[in-house]
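Read through the structure below, which is laid out as structure tokens, and then see the notes.
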Amino acid sequence: QVQLVESGGDLVQPGGSLRLSCAASGSIFRINDMGWYRQAPGKQRDLVARITFIGITNYANSVKDRFTISRDNAKNTVYLQMNSLKSEDTAVYYCYQNIRASGSTLSRDYWGQGTQVTVSS
């Protein structure tokens, strides 16, 4: 059984910073891509950032130069450092990790429970 646990969401003022974390646990053979999506009220879930196993990253245009995604393969953890936060960054943030579980020949996406980020003065 594989589980993802997110942490780090909070209420922050515009211009502030937050760091989200997402740790995977369980019987894991290999983790491929990791990433973050977000969903604002009444809107679809959109990709924020993604990082491959070897560290290649890509970002949504709206967060480039403000957000940084990173990973620690030894800890099965992906991070999202968010700087210069704006009100439009307010959303529930969901992490995912594409994982091949032990004993399985296939990989699939596992999702975190979501963490609320609110940017408001």
Side-chain angles (χ1 to χ4, degrees):
Q1 187 78 2
V2 175
Q3 288 186 320
L4 269 58
V5 177
E6 299 183 37
S7 61
D10 206 345
L11 170 64
V12 63
Q13 292 186 345
S17 297
L18 280 176
R19 188 192 196 208
L20 307 183
S21 301
C22 171
S25 62
S27 300
I28 297 170
F29 178 78
R30 177 187 169 94
I31 302 177
N32 303 306
D33 288 4
M34 299 177 171
W36 294 89
Y37 280 71
R38 67 185 181 186
Q39 187 167 21
K43 296 188 177 181
Q44 66 181 22
R45 189 177 296 189
D46 291 325
L47 177 68
V48 176
R50 177 191 292 124
I51 184 167
T52 68
F53 178 76
I54 59 172
I56 297 172
T57 60
N58 66 285
Y59 296 90
N61 287 335
S62 59
V63 306
K64 278 181 182 177
D65 301 323
R66 298 189 298 123
F67 291 10
T68 302
I69 189 171
S70 61
R71 63 189 285 167
D72 185 334
N73 291 330
K75 295 181 179 180
N76 296 336
T77 300
V78 59
Y79 304 96
L80 186 67
Q81 178 66 43
M82 305 185 292
N83 298 328
S84 302
L85 282 161
K86 305 175 181 179
S87 58
E88 51 262 45
D89 295 317
T90 295
V92 178
Y93 284 69
Y94 298 91
C95 68
Y96 80 91
Q97 297 190 23
N98 185 265
I99 296 173
R100 179 179 167 184
S102 299
S104 175
T105 58
L106 299 174
S107 299
R108 73 169 184 90
D109 289 343
Y110 290 81
W111 290 87
Q113 79 279 13
T115 187
Q116 177 70 47
V117 172
T118 302
V119 184
S120 175
S121 55

- Give a yes or no on this: more than 12 heavy atoms of other residues, nucleotides or ligands lie within 6.0 Å of atom CD of Gln3. no
- Linking I/L/V/M/F/W/Y whenever any side-chain heavy atoms sit under 4.5 Å apart, do Phe67 and Tyr94 land together? no
- Contact summary for Asn98 and Ser107, nearest pair of heavy atoms: OD1-CB, 3.3 Å
- Cluster link Ile51 to Tyr96, ILVMFWY, side chain under 4.5 Å: no
- Task: Identify the two heavy atoms, one from Val48 and one from Tyr37, that lie closest to each other, and give their separation to 0.1 Å.
- Result: CG2-C, 3.9 Å
Only pairs under 3.5 Å count here: list side-chain donor-acceptor contacts from residues 11-18, not counting sequence neighbours, and write none if there are none.
from	atom 1	to	atom 2	distance (Å)
Ser17	OG	Asn83	OD1	2.9

- Message: Has Gln1 got a side-chain atom pairing as donor or acceptor with Gly26's backbone, closer than 3.5 angstrom?
- Response: no
- Output yes when a side-chain donor or acceptor of Tyr59 lies under 3.5 Å from a complementary backbone atom of Arg66, and no otherwise. no
- Of all residues at least two apart in sequence or in a different chain, which pass the side-chain hydrogen bond (donor to acceptor under 3.5 Å, both in side chains) check with Gln39? none
- Query: When clusters are formed from ILVMFWY side-chain contacts under 4.5 Å, directly or step by step, what else is grouped with Ile56?
  - Reply: Phe53, Ile54
- Could you point out which residue of Leu20, Asp10, Leu80 forms a side-chain contact (heavy atoms from CB on, under 4.5 Å) with Val117? Leu20
- Item | Which atom of Arg71 lies closest to which atom of Asn32, heavy atoms considered | NH1-O, 2.8 Å
- Query: Can you check whether Ala101's main-chain N or O pairs, donor with acceptor, with Arg108's side chain at less than 3.5 Å?
  - Reply: no
- Item | Geometric cation-pi criterion Arg100 and Phe29, 6.0 Å radius, 45° cone | yes
- Message: Between Gln97 (side chain only) and Ile31 (backbone N and O only), is there a donor and an acceptor less than 3.5 Å apart?
- Response: no
- Is it the case that one hydrophobic cluster holds both Met34 and Tyr79, taking links as side-chain heavy atoms less than 4.5 Å apart, direct or via other members? no
- Item | Backbone of Cys22 reached by a side-chain donor or acceptor of Glu6 within 3.5 Å | no
- Looking only at heavy atoms, what is the nearest atom pair of Arg38 and Ala91, with distance? CB-CB, 3.9 Å
